[in-house]
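Worksheet: one structure, shown below.
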Amino acid sequence: MKRLKLLFCMMVLAFALTACSKGGKDITVDVAKLAEELQAQTVTSDTLSATAPEMLPSIYFVEADQVANGAAYMSSGSTSCEVAVIECKEAKQAEEVTKSFQTRVANQSDLFASYDPEEVTKLDAAIIKTSGKYAVLCVCDDTKKAEEILKNYGF
């Protein structure tokens, strides 16, 4: 009887952990719309410029064959603000893109620390998220608003 209870508890726990997992989300995102919304509503200290989607693999050091679609906005160089939304061909690739985003933020932080330490604060608060086959990087002035927008999109 104790074993049966233990087995039942383990099954309930396994179900609860599976239900809470974010990796299995099946969302559909208009990457251009999300990137534009993030940069327009969360960046106030700079005017970001759209980046050609074919440049994303070289900017973020991701494999070009992993990227199905993408949109990004980059700073003029005077701030650390940037927004990137990448749709991968498979969900597991989005995790790899996330690692590339983390590397990008670390490199940018090292760069800005040498000439504009105030920008490092934004990089320390960088938002990097994945949901399904999508990965997002947002370095902005209003992280609360960015989190709200991302939540509305399923992140």
Side-chain angles (χ1 to χ4, degrees), residues 13 15-63 66-155:
L13 180 60
F15 176 74
L17 289 173
T18 306
C20 293
S21 173
K22 289 178 85 174
K25 279 189 176 180
D26 189 23
I27 65 170
T28 301
V29 173
D30 180 336
V31 295
K33 182 179 176 186
L34 174 55
E36 196 286 323
E37 192 172 332
L38 284 168
Q39 71 88 23
Q41 294 186 34
T42 68
V43 177
T44 57
S45 61
D46 197 358
T47 300
L48 304 186
S49 301
T51 301
E54 59 270 11
M55 294 299 296
L56 297 180
S58 61
I59 294 169
Y60 296 104
F61 299 106
V62 297
E63 298 295 325
Q66 294 179 334
V67 179
N69 196 4
Y73 289 85
M74 307 297 288
S75 167
S76 63
S78 62
T79 70
S80 60
C81 296
E82 69 182 279
V83 171
V85 182
I86 295 179
E87 176 185 1
C88 296
K89 293 178 180 171
E90 298 177 24
K92 66 182 177 183
Q93 294 168 333
E95 294 297 328
E96 293 174 32
V97 172
T98 296
K99 291 175 187 172
S100 295
F101 284 165
Q102 292 167 341
T103 300
R104 166 80 176 178
V105 168
N107 291 342
Q108 291 292 89
S109 185
D110 290 343
L111 177 69
F112 276 97
S114 66
Y115 73 93
D116 194 350
E118 291 180 19
E119 290 299 311
V120 175
T121 305
K122 291 179 194 173
L123 289 157
D124 289 343
I127 299 169
I128 300 173
K129 292 190 178 244
T130 60
S131 186
K133 59 185 180 177
Y134 300 92
V136 174
L137 166 63
C138 185
V139 180
C140 62
D141 300 303
D142 189 348
T143 56
K144 185 176 178 182
K145 180 66 176 175
E147 290 284 4
E148 179 185 311
I149 291 168
L150 288 168
K151 183 177 180 184
N152 290 338
Y153 277 85
F155 288 88

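A distance of 7.0 Å separates OG1 in T42 from CG in D141, rounded to the nearest 0.5 Å. A distance of 10.5 Å separates OG1 in T130 from CZ in F101, rounded to the nearest 0.5 Å. With rounding to the nearest 0.5 Å, the separation of CD1 in I86 from CG in L56 is 5.0 Å. Between the CZ atom in F112 and the OG atom in S75 there is a gap of 5.5 Å [rounded to 0.5 Å]. The CD atom of E63 sits 8.5 Å away from atom OG of S100, with the distance rounded to the nearest 0.5 Å. A distance of 10.5 Å separates CD of E147 from CG of D142, quoted to the nearest 0.5 Å.
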Check against side chain to side chain contact (heavy atoms under 4.5 Å, CB included), L137 and Y60: CA-CA 10 Å; L137 166 63; Y60 296 104; 3.8 Å; yes

Decide side chain to side chain contact (heavy atoms under 4.5 Å, CB included) for Y134 and T28; before the verdict, give the C-alpha distance in whole Å, the side-chain angles of both, and the deciding distance to 0.1 Å. CA-CA 9 Å; Y134 300 92; T28 301; 4.2 Å; yes

Apply side chain to side chain contact (heavy atoms under 4.5 Å, CB included) to the pair C140 and V83, showing each step before the final yes or no. CA-CA 8 Å; C140 62; V83 171; 5.7 Å; no

Evaluate the salt bridge (Lys or Arg N to Asp or Glu O under 4.0 Å) criterion for residues K122 and E119: first the C-alpha distance (whole Å), next the side-chain angles of each, then the deciding distance (0.1 Å), finally the verdict. CA-CA 5 Å; K122 291 179 194 173; E119 290 299 311; 3.2 Å; yes

Is there a salt bridge (Lys or Arg N to Asp or Glu O under 4.0 Å) between K145 and E148 once you walk through the steps? CA-CA 5 Å; K145 180 66 176 175; E148 179 185 311; 3.3 Å; yes

Give the C-alpha distance, both sets of side-chain angles, the deciding distance and a yes or no for side chain to side chain contact (heavy atoms under 4.5 Å, CB included) between L34 and F155. CA-CA 11 Å; L34 174 55; F155 288 88; 3.9 Å; yes

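Although no hydrogens or angles enter the test, the distance criterion places no donor-acceptor pair under 3.5 Å between the side chain of D46 and the main chain of L48.
Contact detail for V139 and V43: the closest heavy-atom pair is O-CG2, 4.4 Å. The two residues K89 and K133 have their closest heavy-atom pair at O-CD, 4.4 Å. Closest of all the heavy-atom pairs between A71 and V31 is CB-O, 3.8 Å. Of all heavy-atom pairs spanning S131 and I27, the tightest one is OG-CD1, 3.4 Å. Nearest heavy atom pair, residue I127 against residue A146, reads CD1-CB, 3.6 Å. What you find for A135 and T98 is that their closest heavy atoms are CB-OG1, 4.2 Å.
Every pair passing side chain to side chain donor-acceptor pair (under 3.5 Å) that includes a residue from residues 103-116 is listed here, sequence neighbours excluded: E82-R104.
Heavy atoms from other residues, nucleotides or ligands lying under 6.0 Å from CD of E118 number 12 at most.
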